[in-house]
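Let me begin by presenting the structure, written as structure tokens, before commenting on it.
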Amino acid sequence: MRFLRIALAVASLVATTAFASPADPKDGAEFVTLASPQPTKTVGKKVEVIEFFMYHCPACNALEPHLADWVKKQGDNIVFRRVHFPVSGPTDPEAHLHLTLEAMGKSEEMNPKVFRAFHVERLRLNKDDAILDWVPKQGIDKAKFMEYWNSFGVLTKLKGAEQVMRNYKIDGAPSLVIDGRFLTSPAAIGGANPGLTNATVYPAVQQTLDALVARAQKEKAGAAAPAAAKPVAKPAGK
């Protein structure tokens, strides 16, 4: 699996690197604008941010604490959600685990434990049997877990996960989409800013996300302003 890839041409990165800056990200460098924007699950001024990730991905594990910190700082500015890359297709065990935890309302609580299981404890939670053996050891009622694991909602999302990837043009993880339009990743940001190191690329990711969220909010406000300022027509003769 090519962990730190993003769907943009290397040529476009080279052409725009001289003007790149995580604090002032450029289209074609730190991010790309999707040709077909996707619908978002937000209302008002909030901006949707989606992380496309994989539990077994080392780059996703490295990004996790920095992303969690960024989400906390953004607070009510954003609606944050995660989509697990269906590595082995419509029955992928890791994606199945994530969707089940999400349906149970335990995703944010359990994600650090799953990452730790993979990357610190070296457990291979990439098969159904291994997952179903591990879950009860984390204090989750197995019968309740199985109820969600086999639910229509979870299985439907699992089967549709590959189409979601195609809709957003995602071909690697971690990748992030802001407001259904702007696609970025640590790979894109690092590629556009060659001076970044492993220690500095993740703060740069936070800067890029800050800028893209601010841009999306500004555009939302601009789109709403004309409608709000439109005068009410007076009846004729008044």
Side-chain angles (χ1 to χ4, degrees), residues 1-3 5-7 34-44 46-57 59-61 63-64 67-68 71 78-115 117-118 123-185:
M1 178 56 64
R2 297 157 294 179
F3 295 121
R5 274 191 39 183
I6 192 170
L34 295 178
S36 300
Q38 297 301 303
T40 60
K41 298 181 179 180
T42 59
V43 293
K46 291 188 177 183
V47 174
E48 180 185 72
V49 178
I50 306 175
E51 181 200 17
F52 294 87
F53 80 107
M54 297 179 289
Y55 283 129
H56 71 265
C57 160
C60 300
N61 181 56
L63 174 63
E64 175 64 18
L67 186 59
V71 170
I78 66 170
V79 171
F80 178 70
R81 62 191 184 97
R82 303 175 193 264
V83 177
H84 196 289
F85 204 109
V87 184
S88 59
T91 60
D92 182 69
E94 292 179 47
H96 199 171
L97 171 60
H98 170 69
L99 286 168
T100 303
L101 293 173
E102 184 179 64
M104 296 179 75
K106 292 183 174 293
S107 176
E108 293 310 306
E109 170 193 342
M110 291 297 297
N111 273 343
K113 294 183 180 181
V114 183
F115 276 118
F118 271 102
L123 301 179
R124 294 179 62 81
L125 302 181
N126 56 0
K127 296 186 181 299
D128 290 356
D129 289 348
I131 290 170
L132 298 179
D133 178 66
W134 179 80
V135 163
K137 298 174 183 177
Q138 311 311 308
I140 296 178
D141 180 79
K142 186 173 183 178
K144 194 69 175 176
F145 182 86
M146 293 302 299
E147 179 182 334
Y148 283 94
W149 177 269
N150 294 316
S151 69
F152 176 79
V154 166
L155 294 177
T156 298
K157 287 184 177 181
L158 184 60
K159 290 177 182 177
E162 288 184 307
Q163 184 59 51
V164 172
M165 298 294 133
R166 287 192 289 270
N167 291 345
Y168 284 93
K169 308 301 181 186
I170 304 297
D171 70 350
S175 295
L176 297 121
V177 174
I178 297 87
D179 198 37
R181 298 181 291 146
F182 308 130
L183 173 62
T184 188
S185 75

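As the structure is a computational prediction, the values presented were derived from the model and not from experiment.
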* Validation row: Ile78, Ile178 side chains within 4.5 angstrom (heavy atoms) -> no
* Asked: Do you know the tightest heavy-atom contact between Ala95 and Leu158?
  -> CB-CD1, 3.8 Å
* Asked: Out of curiosity, Ser175 OG to Lys169 NZ, how far, rounded to the nearest 0.5 Å?
  -> 14.0 Å
* What orientation do Tyr168 and Phe52 show, parallel under 30°, tilted 30 to 60°, or perpendicular over 60°? -> tilted
* To do: Using side-chain hydrogen bond (donor to acceptor under 3.5 Å, both in side chains) as the criterion, point out the one residue from Glu102, Glu108, His98 that pairs with Arg82.
  => Glu108
* Asked: Within a strict 4.5 Å, meaning less than it, do heavy atoms of the Leu99 and Leu155 side chains meet?
  -> no
* Asked: Got Met54 and Val87 here, is their nearest side-chain heavy-atom distance under 4.5 Å?
  -> yes
* Working to the nearest 0.5 Å, report the span between NE2 of His84 and CD of Glu51. => 9.5 Å
* Any donor-acceptor pair under 3.5 Å linking the side chain of Gln38 with the backbone of Asn167? -> yes
* Asked: Would you call Leu34 and Arg181 a side-chain contact if the rule is heavy atoms closer than 4.5 Å?
  -> no
* Structure fact -> Smallest heavy-atom separation, Asp128 atom then Pro93 atom, equals OD1-CB, 3.5 Å
* To do: Output the distance between atom CZ (Arg81) and atom CD1 (Ile50), rounded to the nearest 0.5 Å.
  => 3.5 Å
* **Minimum heavy-atom distance Arg124-Ala130, with the two atoms named** => O-CB, 3.5 Å
* Residue pair Leu67 / Phe80, side-chain heavy-atom distance below 4.5 Å -> yes
* **Residue pair Cys60 / Cys57: nearest heavy atoms and the distance that separates them** => SG-SG, 2.8 Å
* Partners meeting side-chain hydrogen bond (donor to acceptor under 3.5 Å, both in side chains) with Arg166 (sequence neighbours left out) -> Gln163
* Distance, nearest 0.5 Å, that separates CD of Glu109 from CG of Leu101 -> 9.0 Å
* To do: Run the salt-bridge test on Lys127 and Asp129 with the 4.0 Å N-O cut-off and return the result as yes or no.
  => no
* List in chain and number order the residues that pass side-chain contact (heavy atoms from CB on, under 4.5 Å) with Ala103, two or more places apart in sequence or in another chain; answer none if no residue qualifies. => Tyr148, Val154
* **Distance in Å, Ile131 CD1 paired with Leu123 CG, rounded so as to fall on 0.5 Å steps** => 11.5 Å
* So do the side chains of Leu132 and Trp149 get within less than 4.5 Å of each other, counting heavy atoms only? -> yes
* Structure fact -> Closest non-hydrogen contact found for Leu125 with Glu94 is O-CG, 3.7 Å
* **Distance-minimising heavy-atom pair for Lys144 and Asp141** => N-OD2, 2.8 Å
* State the NZ-OG1 distance between Lys157 and Thr100, to the nearest 0.5 angstrom. => 10.5 Å
* Is the Phe115 to Tyr55 ring centre distance short of 6.0 Å? -> yes
* Can you check whether Phe182 reaches Val49 side chain to side chain, under 4.5 Å on heavy atoms? -> no
* So do Val177 and Ile170 actually touch side chain to side chain, heavy atoms under 4.5 Å? -> yes
